[in-house]
Amino acid sequence: MYDLRSLRDNLDAIKDQLGSRGRDVAWDDLRALIEARRSLTVMVDGLRHELKKGSEDVARLKREKQPADAAMAQMKALGDRIQVAEDTLRSTEERAQDMALRIPNLPHGSVPAGKDPADNQEVRQWGSAHAFTFTPQAHWDLGEALGILDFERAAKIAGARFAVLTGLGARLERALINFMLDLHTTRHGYREVLPPFMVNRAAMTGTGQLPKFEDDLFKLRDDDYFLIPTAEVPVTNLLREEIVPDDRIPIRYAAYTPCFRREAGSYGKDTRGLIRQHQFNKVELVVFSRPEDSYQELERLTGHAEAVLQELALPYRVVTLCTGDMGFSAAKTYDIEVWLPSQNTFREISSCSNFEAFQARRAGIRYRRKDGKTDFLHTLNGSGLAVGRTLVAILENYQQPDGSVTIPPVLRPYMGGAERIAKS
RNA sequence: GGAGGGGUGGCUGAGCGGCCGAAAGCGCUGGUCUUGAAAACCAGAGUUCGGGUAACCGGACCGUGGGUUCAAAUCCCACCCCCUCCGCCA
């Protein structure tokens, strides 16, 4: 989001630069609201000043045993006027604020223009797809045959887009979580965090899920809590309304959490398998950076996510999302896509974004610069990685002609030494 | 869930409804002193909104939101959070 001050000063420039990303914004209404807020502020401040002075006069008159009734009546009337003006100011400010909260972030200059995933730009590829001597099976067929995935019973106890993992499947999921966290905390310098899986409205607004995307979230009926759609929400909001000393920056957190998404509007997409679930596990990387370092940090962060796939020897590519495919809050996003042989294509397994000061302004995340001034930090995050999709990639890429699955060597210590998953 | 106590500046902690953005101590920053450091002494220092090129001026902020009053950190109400005890509970 933009603060109202810079919106007022740069409204036309912001509107131009947003282009089609800003097509939902009623710019003229917003401009009028911001200007009204400013003039109302001037008025209210003046009236309050008068009231303060008047009240001091009353105090003085009373001290000097002078009659104060006239002054008091005058101040009473002034107070009533202030009340009215303040109410108007408050509602004007709220409306302006609400509009500002619905404006998406400005894409960075290096982001390719475009309207859909077809316009994304491939940055690099790593590894090469295994040449199968047989037709590779989809992970859901493999998993069900191996007795480690159970979608039918998941539907019975919960519904569509849920899965039950059992036996070595459950063990593999847990192994992946531990492997990823260990990698990021010991080799990449992240501090591990285990946050709440439910957050309040303020946190959701801070990272940009609210107010615009409430329909995508699971919400508790009797409390104003939401299930987190990603660890980004609780972890980024860890520093909400704080001013961080310069010497603590950069701050890097790695967090495992389940993620909950309603997937409204995705009917018919990826209906089978683990790719698109209402609940999935993810290890998330979150970085707080000085503004001048944030794009360097984005490259690092992306590299840390890629390292997981390299360790697992899974082929992937990195793409830069175009302006039309980027999320609401991001200034620049790299997607990492893993190779899925059964679909003969790359599928997203990580999304690494620089939000610049967009989230920091919403959440009040600031730091004390060396010159003593406060400034907003830049926030970044990336999946490191989506665990369910990683499990999918392992099942499909490591499958054998007999339907068993080899366990990648780096995971074996986490699997009690097991080397393969076979039908038991 | 029941009973009681409490939420004030980086921290500790004062604050008769009016001259309180808020004492004091600690910590912090600059200076004096010192070969250097410590100590001592002096000075400075919150966040935010608006006006102004600027110096500066004005408003708001004492958990949050309402209310009473000419005037609220101080009084009233609701909510949130923390602590103690009881109940329940992994």
Side-chain angles (χ1 to χ4, degrees), chain A residues 1-11 30-101 194-206 210 219-226 234 237-249 251 258 357 360-377:
Chain A
M1 140 174 135
Y2 309 89
D3 56 280
L4 296 179
R5 175 68 169 271
S6 75
L7 265 178
R8 189 179 107 218
D9 295 341
N10 309 302
L11 191 123
L30 179 59
R31 189 197 311 271
L33 280 172
I34 292 173
E35 196 42 53
R37 168 182 174 271
R38 193 196 62 81
S39 54
L40 281 165
T41 302
V42 171
M43 183 174 110
V44 167
D45 285 0
L47 290 176
R48 290 211 72 100
H49 181 60
E50 241 184 275
L51 184 75
K52 264 184 145 174
K53 289 280 169 278
S55 293
E56 282 167 25
D57 289 343
V58 171
R60 189 173 39 77
L61 289 173
K62 291 203 164 188
R63 222 177 302 123
E64 294 167 359
K65 309 282 188 216
Q66 303 275 330
D69 289 0
M72 280 167 64
Q74 216 177 325
M75 288 307 110
K76 170 76 176 162
L78 182 58
D80 292 344
R81 277 209 295 153
I82 290 176
Q83 182 112 59
V84 173
E86 276 185 336
D87 286 348
T88 313
L89 173 59
R90 191 178 312 116
S91 68
T92 304
E93 184 155 356
E94 273 169 15
R95 281 197 292 157
Q97 205 66 254
D98 186 68
M99 285 189 75
L101 285 169
L194 186 63
F197 302 159
M198 287 185 251
V199 298
N200 58 32
R201 188 169 285 275
M204 282 293 184
T205 304
L210 292 180
K219 181 181 188 322
L220 299 211
R221 186 186 303 282
D222 296 326
D223 302 275
D224 206 20
Y225 291 136
F226 300 85
N237 279 284
L238 242 28
L239 296 183
R240 204 167 78 80
E241 304 297 337
E242 292 195 29
I243 301 174
V244 182
D246 183 81
D247 58 15
R248 276 187 53 203
I249 304 163
I251 297 172
R361 277 190 294 262
R362 293 173 156 251
I365 302 169
R366 292 175 293 168
Y367 76 114
R368 177 83 54 195
R369 292 197 316 217
K370 289 212 173 64
D371 65 8
K373 296 230 166 58
T374 62
D375 195 7
F376 292 109
L377 281 166

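A note on names: the letters A, B, ... follow the listed sequences, proteins ahead of strands, and every chain is numbered from 1.
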Within the 4.0 Å heavy-atom criterion, would you say A:R63 contacts the bases, only the backbone, or no part of the nucleic acid? base
In short, A:V44 meets A:A85 closest at the heavy-atom pair CG2-CB, 3.7 Å
NA contact type, A:M75, heavy-atom cut-off 4.0 Å: base, sugar-phosphate, or nothing? sugar-phosphate
Scan every strand shown for a Watson-Crick or G-U wobble partner of B:U74, both distances under 3.5 Å, and answer none if you come up empty. none
Mind calculating the distance between NZ (A:K76) and P (B:G67) to the nearest angstrom? 12 Å
How close do A:V58 and A:A68 get, counting heavy atoms only, and between which atoms? CG1-CB, 4.4 Å
Taking the basic N atoms (NZ, or NE/NH1/NH2) and the acidic carboxylate oxygens, is any pair closer than 4.0 Å for A:D98 and A:R95? no
Of the candidate nucleotides B:G59, B:C49, B:C70, which contains the atom at the shortest distance from the side chain of A:S55? B:C70
Does A:H49 make a side-chain N or O approach to OP1 or OP2 of B:G59 shorter than 4.0 Å? yes
A:R60 CZ - B:C19 P separation (whole Å): 14 Å
So what does A:K62 touch, heavy atoms closer than 4.0 Å: a base, only the sugar-phosphate, or nothing? base
With a 4.0 Å cutoff (strictly under), does any side-chain N or O of A:R5 reach OP1 or OP2 of B:C49? no
Re B:A22: Watson-Crick or G-U wobble partner, both distances kept under 3.5 Å, found to be none
Short side-chain N/O contact from A:R368 to OP1 or OP2 of B:U47, under 4.0 Å: yes
So which nucleotide does B:C89 pair with, by the Watson-Crick or G-U wobble rule with both distances under 3.5 Å? none
Closest non-hydrogen contact found for A:L33 with A:T92 is O-CG2, 3.5 Å
Between the side chains of A:R60 and A:D57, is the shortest nitrogen-to-carboxylate-oxygen separation below 4.0 Å, so that they form an ion pair? yes
Name the pairing partner of B:C61, where a pair is Watson-Crick or G-U wobble with both distances under 3.5 Å, or state none. B:G46
For A:V42, answer base if it contacts any base atom (sugar-phosphate contacts may also be present), sugar-phosphate if it contacts only those atoms, and nothing otherwise; contact means non-hydrogen atoms under 4.0 Å. sugar-phosphate
Given B:U48, is OP1 or OP2 found less than 4.0 Å from the side-chain N or O atoms of A:T374? yes
